[in-house]
Amino acid sequence: MNFDFTEEQLAVRDAARDFAQNELLPGVIERDENAQFPTEQVKKMGELGFLGMMVDPKYGGGGMDTISYVLAMEEISKVDASTSVVMSVNNSLVCWGLEKYASEAQKQKYLIPLATGQKIGAFCLSEPEAGSDATSQKTTAEDKGDYYLLNGTKNWITNGSSAGYYIVIAQTHKEKGHKGINALIVEKGMEGFIVGKKERKMGIRASDTHSLMFTNVKIPKENRIGEDGFGFKFAMKVLSGGRIGIASQALGIASGSLELSLQYSKERKAFGVEISKHQAIQFKLSEMATNIDAARLLCLRAAYLKDQHKDFTKESAMAKLFASKTAMDASIEAVQIHGGYGYVREYHVERFMRDAKITQIYEGTSEIQNIVIARELLK
Ligand code: CAA
């Protein structure tokens, strides 16, 4: 067993760290405050290759491994989780799903612009009445011969208005249950497709979360991903990979919380000494660091298995379950360590605490991760 990163992986981590410090840190508080999408920063991420990291270079990607992706996600999320969710959805849910399951023609048309960052992608599964219970899709894709007629509403869609291409999950053969569901590629601007209201969120406020409405949208048959009825399995498989991205996002929020807490506790004095000299603070720091290391190892193990083309369903669920709890706990402790300063906007940690919560909810709640893990254990 080898715990060392390759030079290439370290170079990716350092490039992501530089990008986060130089391009994301300035303005991160204002973008959060104003719920302002990081348009320029995302464009730059595309130019630097962070939006299609694992995609084969022949489709415009970086050809990197999933370990490099985890390292980059951690660095970017340490500073700006609103931007890292754009990166995670585009890399894992959209690009990886297309590269693995789409036809060559779909890859040429859609994957290349998504991997190079010319377009951003969105993954549309959740509905007003289908969140955790993802098989209960009410959006319909009626088979009309050479096209599908798409009708329905999707909710809480990341990159909802900034995306150019959307992977939409919809029911075609209701009587077949989850085996009657399809995944369709929808383009912004198709007649009958409307981007609905922007959500006002607790955290990741600079990310762009919308409802989407489809009314009699004609989707050409060639935009279906995989065989007829493959849509639900496609969504499940893609989400298993996506959970590595969100676990790494949570890891970054947690490690950002620790870094700021270490720095602050060595500067702030109380009762005549730096607060880092008080055992009450030391215990918090040591617990944060231990959980963060464990979360990082879980993320890297899931990434390693994915790179080895082995099953990683259980391991990515474990990584997300543990890392998201670690992010929540570490960010709460970071606010506590910062005291009054932690409760105000300038010190970043209150944003980390608000941002951490979503990692326990999206791409499968912690309760869903427990179900996935238990099912795999009991197989
Ligand atoms: N890989 C491959 N196939 C899978 C799978 C996986 N990980 N998980 C399930 N399946 C297959 C099953 O084998 C089954 O197929 P067969 O009948 O052929 O065996 C089929 O899918 C249905 O599975 P279940 O019977 O287990 O279905 P279920 O209704 O009990 O639910 C669930 C399964 C795991 C709870 C699923 O509904 C689920 O993951 N829910 C959470 C959905 C979710 O993560 N939503 C997040 C929204 S996306 C998002 O947040 C993106 C964003 O913008 C950030």
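None of these values were measured; they are calculated from a predicted model. Start at 1 and go down the list; that is how both ligands and their atoms are numbered.
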What's the shortest distance from [atom] to any protein heavy atom, and which residue and atom give it?
{"atom": "atom 23 (O) of ligand 1", "result": "Phe232 CE2, 4.0 Å"}
{"atom": "atom 47 (C) of ligand 1", "result": "Ser126 OG, 3.3 Å"}
{"atom": "atom 50 (O) of ligand 1", "result": "Glu363 N, 2.9 Å"}
{"atom": "atom 17 (O) of ligand 1", "result": "His178 NE2, 2.9 Å"}
{"atom": "atom 35 (C) of ligand 1", "result": "Ile368 CD1, 3.8 Å"}
{"atom": "atom 31 (O) of ligand 1", "result": "Arg375 NH1, 4.1 Å"}
{"atom": "atom 34 (C) of ligand 1", "result": "Val372 CG2, 4.0 Å"}
{"atom": "atom 10 (N) of ligand 1", "result": "Met236 CG, 3.9 Å"}

Requested in this report: Report the C-alpha distance between Glu142 and Lys144 in whole Å, list the side-chain angles of each, state the deciding distance to 0.1 Å, and finish with yes or no for salt bridge (charged side-chain N to carboxylate O under 4.0 Å, His left out).
Outcome: CA-CA 6 Å; Glu142 209 184 323; Lys144 293 284 192 185; 3.2 Å; yes

Report task. Show your reasoning for whether side chain to side chain contact (heavy atoms under 4.5 Å, CB included) applies to Ile244 and Ser92. Result -> CA-CA 8 Å; Ile244 300 178; Ser92 315; over 6 Å; no

Give the numbers and elements of all ligand 1 atoms closer than 4.0 Å to a heavy atom of [X].
{"X": "Tyr362", "answer": "50 (O), 54 (C)"}
{"X": "Thr313", "answer": "7 (N)"}
{"X": "Gly131", "answer": "42 (C)"}
{"X": "Lys237", "answer": "1 (N), 2 (C)"}
{"X": "Thr135", "answer": "29 (O)"}
{"X": "Ser240", "answer": "7 (N)"}

Query - Aromatic contact, Tyr166 with Phe193 (centres under 6.0 Å) - result: yes

Query raised in the report: Going by distance only, is there an N or O of Ile157 that falls short of 3.5 Å from an N or O of ligand 1?
Result: no

**Report entry** Check: Ser132 N/O within less than 3.5 Å of ligand 1 N/O
**Finding:**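 Checking ligand 1 against Ser132, an N or O pair does fall under 3.5 Å apart.
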
Query - hydrophobic_cluster_shared for Met73 and Leu48, side chain cutoff 4.5 Å - result: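 They do share one cluster, since a chain of ILVMFWY contacts under 4.5 Å joins Leu48 to Met73.
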
**Report entry** Closest contact, heavy atoms only, Gln171 versus Gly177
**Finding:** OE1-O, 3.3 Å

**Report entry** Minimum heavy-atom distance Tyr69-Met54, with the two atoms named
**Finding:**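 In this case the closest contact between Tyr69 and Met54 is CD2-CE, 3.5 Å.
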
Requested in this report: Report the C-alpha distance between Leu184 and Phe214 in whole Å, list the side-chain angles of each, state the deciding distance to 0.1 Å, and finish with yes or no for side chain to side chain contact (heavy atoms under 4.5 Å, CB included).
Outcome: CA-CA 12 Å; Leu184 306 174; Phe214 304 97; over 6 Å; no

With backbone taken as N, CA, C and O and side chain as the heavy atoms from C-beta onward, which portion of [X] lies under 4.0 Å from ligand 1: side chain, backbone, both, or neither?
{"X": "Arg243", "answer": "side chain"}
{"X": "Asn159", "answer": "neither"}
{"X": "Thr158", "answer": "both"}

**Report entry** Selection from Leu93, Thr209, Leu125 by shortest heavy-atom distance to atom 45 (N) of ligand 1
**Finding:**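 Comparing heavy atoms across Leu93, Thr209, Leu125, the nearest one to atom 45 (N) of ligand 1 lies in Leu125.
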
Report task. Can you figure out which of Glu367, Lys233, Lys179 has its heavy atom closest to atom 11 (C) of ligand 1? Result ->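 Shortest heavy-atom distance from atom 11 (C) of ligand 1: Lys233.
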
Query raised in the report: What pairs of residues pass the salt bridge (Lys or Arg N to Asp or Glu O under 4.0 Å) test when at least one of them lies in residues 173-190, not counting sequence neighbours?
Result: Lys109-Glu187

Report task. Give the intermediate values and the outcome of salt bridge (charged side-chain N to carboxylate O under 4.0 Å, His left out) for residues Glu75 and Arg17. Result -> CA-CA 5 Å; Glu75 290 304 324; Arg17 186 176 292 166; 3.0 Å; yes

Requested in this report: For atom CD of Glu227, decide whether the heavy atoms of other residues, nucleotides or ligands shown that lie under 6.0 angstrom number more than 12.
Outcome: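 12 or below, so no.
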
Report task. Could you walk me through whether Glu350 and Arg354 pass the salt bridge (charged side-chain N to carboxylate O under 4.0 Å, His left out) test, one step at a time? Result -> CA-CA 6 Å; Glu350 66 80 36; Arg354 289 185 285 108; 2.8 Å; yes

Query raised in the report: Is the NZ or CZ atom of Lys221 both under 6.0 Å from the centre of the six-membered ring of Tyr148 and within 45° of that ring's axis?
Result: yes

**Report entry** Min side-chain heavy-atom separation Thr66-Leu300 under 4.5 Å
**Finding:**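 When only atoms from C-beta onward are counted, Leu300 and Thr66 do not touch, as no gap falls below 4.5 Å.
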
